[in-house]
Asks: 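Got a structure for you, questions after.
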Amino acid sequence: MGHDLQEGKLTVIAKHNPKRNARINKKLRTGAFQEFGFDIYWTFNSDVAEEQIDAIVDQLLDTVIEPNALGFSGSGHRAWEGVVCTRDIGQCTEEHRQALVNFFADKPVTDVKASELYDIWWG
């Protein structure tokens with residue numbers, strides 16, 4: 001493992017080591033067990049009612065998150081933010097990322113942003 005000093009904080013970086021066995025790689029989420037996800041942000045328009053917000057978030061879960069075996073951890077009221085990853089060990093793809101962005105295309109929201117894919121365990 002390496003160390004990195006960022007903004008005055010010491011962070012430990014687990015680098016893939018080809019000599020590690022699969023059990024250790026799985027525990028460290030490196031190598032074949034590396035997991036990629038992305039952050040998502042959106043803001044509901046000010047004229048959207050509470051019931052409509054609930055319905056749209058439920059629709060997001062039912063039509064994009066669940067069918068793609070993804071997990072979403074996030075929160076918000078008008079402005080939402082969260083992280084999307086796979087439910088099991090795996091990697092989100094660019095297609096997953098685009099599916100979420102496309103979902104909001106015809107919804108009463110602004111400022112939809114999805115980050116690039118990143119290693120959700122090690123940054």
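Counting from 1, the numbers follow the sequence of the chain as shown.
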Asks: Quick check on the hydrophobic clustering: are Tyr41 and Leu60 connected, directly or via other members, by side-chain heavy-atom contacts under 4.5 Å?
Replies: no

Asks: Quick check for you: to the nearest 0.5 Å, what is the distance between Asp62 atom CG and Gln59 atom CD?
Replies: 8.0 Å

Asks: For residues 92-103, which side-chain N or O atoms pair as donor and acceptor with protein atoms under 3.5 Å away, sequence neighbours left out?
Replies:
from   : atom 1 : to     : atom 2 : distance (Å)
Thr93  : OG1    : Glu95  : N      : 3.3
Thr93  : OG1    : Glu95  : OE1    : 3.2
Thr93  : OG1    : His96  : N      : 3.2
Thr93  : OG1    : His96  : ND1    : 3.3
Glu94  : OE2    : Arg97  : NH1    : 2.6
His96  : ND1    : Thr93  : N      : 2.9
Arg97  : NE     : Ser115 : O      : 2.7
Arg97  : NH2    : Ala114 : O      : 3.1
Gln98  : NE2    : Asn102 : OD1    : 3.0
Asn102 : ND2    : Gln98  : O      : 3.3

Asks: What distance separates Trp42 CH2 from Ile40 CD1, expressed to the nearest 0.5 Å?
Replies: 6.5 Å

Asks: To the nearest 0.5 angstrom, please state how far the CZ atom of Arg78 sits from the OG1 atom of Thr43.
Replies: 10.5 Å

Asks: Set out, in order, the CA-CA distance, both residues' side-chain angles and the distance that settles side chain to side chain contact (heavy atoms under 4.5 Å, CB included) for Thr86 and Leu70, then state yes or no.
Replies: CA-CA 4 Å; Thr86 56; Leu70 299 174; 4.1 Å; yes

Asks: Pair Glu81, Lys113 - check salt bridge (Lys or Arg N to Asp or Glu O under 4.0 Å), show working.
Replies: CA-CA 9 Å; Glu81 63 181 76; Lys113 295 180 187 100; over 6 Å; no

Asks: Anything under 30° is parallel, anything over 60° is perpendicular, the rest tilted; go ahead and classify Phe44 against Trp80.
Replies: perpendicular

Asks: Before giving the answer on side chain to side chain contact (heavy atoms under 4.5 Å, CB included), spell out for Tyr118 and Val83 the whole-Å C-alpha distance, their side-chain angles and the decisive distance to 0.1 Å.
Replies: CA-CA 11 Å; Tyr118 66 91; Val83 64; 3.5 Å; yes

Asks: Looking at Lys107 and Ile56, what are the two nearest heavy atoms and their distance?
Replies: CD-CG2, 4.4 Å

Asks: Taking all non-hydrogen atoms of both residues into account, name the closest pair between Val112 and Val109 and its distance.
Replies: CG2-CG2, 3.6 Å

Asks: Rounded at 0.5 Å granularity, tell me how far CG in Asn45 sits from CD1 in Ile53.
Replies: 9.5 Å

